[in-house]
Amino acid sequence: MIRPDFFERDSVIVAKDLLGNFLVRKTQGETLRYKIIETEAYGDSKDLASHARHGQTARTKIMWDHPGTIYVYFTYGMHYMLNIVTGKKGIAGAVLIRGIEGCVGPGRLTKKLFIDKKLNGRLLGKKSGLWIEKGDDKRFKILTTPRIGIDYSGEWAKKLHRFVLQ
DNA sequence: GCGTCGATCTAC
DNA sequence: TAGATCGACGCG
């Protein structure tokens, strides 16, 4: 199992390093385990694509919490998004888990793994039933692209903060 | 209080 | 290409 200090780094580094590891979900005695194949990095208040861009609010303050904290939010009236908080406590940052093997899209991923608002603010681990396990194979190529769905963020829309396992 | 719109997905 | 669907956010 990956430890919290793995997440105590810049979100861009963590997003890249998460590829190839396994997202594990345990609910009602059933354990689901999928390889992470797509992530996006979101930064602090100067990242105009990040939820942190307007400072701390009731929803987004979790981005300033301990690294390894689960940040789940509801959007478009129907989808939950799964993020892991990165960086030291007090500095905003998160990695959006956009894709796992055999599943396309961040909204479908959370549905498949029974992830909803109840996990928001919990720490990754056996207790919350959601954690990351180290992948074995590190020999793969990583595709780097701009982030999806954040065209409003001006210059920040161009940043290559999306990572896809090839 | 109220209007706007989103780190999306699906069907037409 | 638009509709679903709702809560966070920002303005007043």
Side-chain angles (χ1 to χ4, degrees), chain A residues 6-23 25 32 34-124 128 130-132 142-166:
Chain A
F6 175 92
F7 299 96
E8 198 170 331
R9 300 178 293 161
D10 187 83
S11 59
V12 175
I13 308 289
V14 175
K16 207 182 301 183
D17 273 7
L18 272 178
L19 294 180
N21 293 301
F22 291 91
L23 182 64
R25 176 66 169 140
L32 303 163
Y34 292 99
K35 186 181 279 187
I36 299 169
I37 61 169
E38 184 181 343
T39 59
E40 280 181 6
Y42 287 89
D44 59 15
S45 41
K46 65 177 188 296
D47 179 355
L48 297 182
S50 172
H51 282 176
R53 67 188 178 277
H54 293 129
Q56 295 192 26
T57 67
R59 176 178 63 156
T60 67
K61 64 185 181 201
I62 289 178
M63 289 187 73
W64 281 261
D65 216 323
H66 294 94
T69 302
I70 301 164
Y71 172 37
V72 177
Y73 66 89
F74 186 66
T75 191
Y76 293 110
M78 57 178 73
H79 296 299
Y80 290 103
M81 300 286 119
L82 171 64
N83 300 254
I84 313 297
V85 174
T86 63
K88 287 190 191 304
K89 183 174 165 62
I91 297 173
V95 171
L96 170 66
I97 312 288
R98 276 193 66 85
I100 53 177
E101 215 163 36
C103 183
V104 178
R108 303 182 65 187
L109 175 162
T110 51
K111 195 173 178 187
K112 191 168 182 172
L113 296 184
F114 308 102
I115 290 165
D116 62 21
K117 240 186 142 63
K118 288 196 289 291
L119 280 169
N120 193 38
R122 309 282 306 275
L123 271 174
L124 285 175
S128 60
L130 182 70
W131 66 91
I132 313 272
I142 295 173
L143 179 68
T144 307
T145 83
R147 292 170 289 185
I148 305 294
I150 48 118
D151 290 343
Y152 57 81
S153 63
E155 286 297 305
W156 287 86
K158 299 175 189 163
K159 300 252 179 216
L160 302 176
H161 285 357
R162 172 168 172 257
F163 304 97
V164 183
L165 193 151
Q166 290 290 278

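Proteins get letters first, then strands, A, B, ... in listed order; numbering begins at 1 in each.
Counting only residues at least two apart or in different chains, salt bridge (Lys or Arg N to Asp or Glu O under 4.0 Å) contacts with residues 35-60 of chain A comprise A:E38-A:R98, A:E38-A:R162, A:E40-A:R98, A:D44-A:K46, A:D47-A:R147.
No donor-acceptor pair under 3.5 Å is formed between the side chain of A:S128 and the backbone N or O of A:R122. Within the 3.5 Å criterion, the main-chain N or O of A:A52 finds no donor-acceptor partner in the side chain of A:T60. Between the side chain of A:S11 and the backbone N or O of A:Y42 there is at least one donor-acceptor pair closer than 3.5 Å. No side-chain donor-acceptor contact under 3.5 Å links A:T75 to the backbone of A:H79.
If you take CZ of A:R98 and P of B:dC9, they are 7 Å apart, rounded to a whole angstrom. What separates CZ of A:R147 from P of B:dT8 is a distance of 12 Å, to the nearest Å. Remark: P of C:dT5 and NZ of A:K111 are 12 Å apart, rounded to the nearest angstrom. Counting to the nearest Å, the P atom of C:dC9 and the CZ atom of A:R59 are 5 Å from each other. What separates CG of A:N83 from P of B:dT8 is a distance of 11 Å, to the nearest Å. Rounded to a whole Å, the CE atom of A:M78 is 9 Å from the P atom of C:dA4. One can place CD of A:Q56 at 12 Å from P of C:dC9, the figure rounded to the nearest angstrom. Following rounding to the nearest Å, A:K117 (NZ) and C:dC6 (P) show an atom-to-atom distance of 14 Å.
Taking only side-chain atoms of A:S50, from C-beta outward, the nucleotide of B:dC9, C:dA8, B:dA7 with the closest atom is B:dA7.
Between A:Y80 and A:F74, the ring planes are tilted. Angles from 30° to 60° get that label.
Across all strands, A:L96 comes closer than 4.0 Å to base atoms (heavy-atom distances).
For B:dA7, the OP1/OP2 oxygens have no side-chain nitrogen or oxygen of A:H79 closer than 4.0 Å.
The base-pairing partner of B:dT10, taking Watson-Crick or G-U wobble contacts with both distances under 3.5 Å, is C:dA2. Across all strands shown, B:dG1 pairs with C:dC11; the Watson-Crick or G-U wobble distances both stay below 3.5 Å.
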Taking only nitrogen or oxygen atoms into account, show me every contact under 3.5 Å that the protein makes with nucleotides 10-12 of chain B, one pair per line with its distance.
residue	atom	partner	partner atom	Å
B:dT10	OP1	A:R108	NE	3.3

Considering only nitrogen or oxygen atoms on both sides, find all protein atoms under 3.5 Å from nucleotides 2-6 of chain B and state each distance.
residue	atom	partner	partner atom	Å
B:dG6	N2	A:Y76	N	3.4

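The shortest distance between side-chain heavy atoms of A:M63 and A:Y71 falls below 4.5 Å.
In the interface, the side chain of A:Y73 is not paired with the base of C:dA8 through any donor and acceptor atom under 3.5 Å apart.
If you take CD1 on A:I70 and CG on A:L119, they are separated by 5.0 Å, rounding to the nearest 0.5 Å.
In plain terms, the two heavy atoms of A:I150 and A:W156 that are nearest each other are CD1-O, 4.1 Å. Between A:L82 and A:I115 the shortest heavy-atom distance is CD2-CD1, 3.7 Å.
Annotation: C:dA2 and B:dC5 have their P atoms spaced 16 Å apart (nearest Å).
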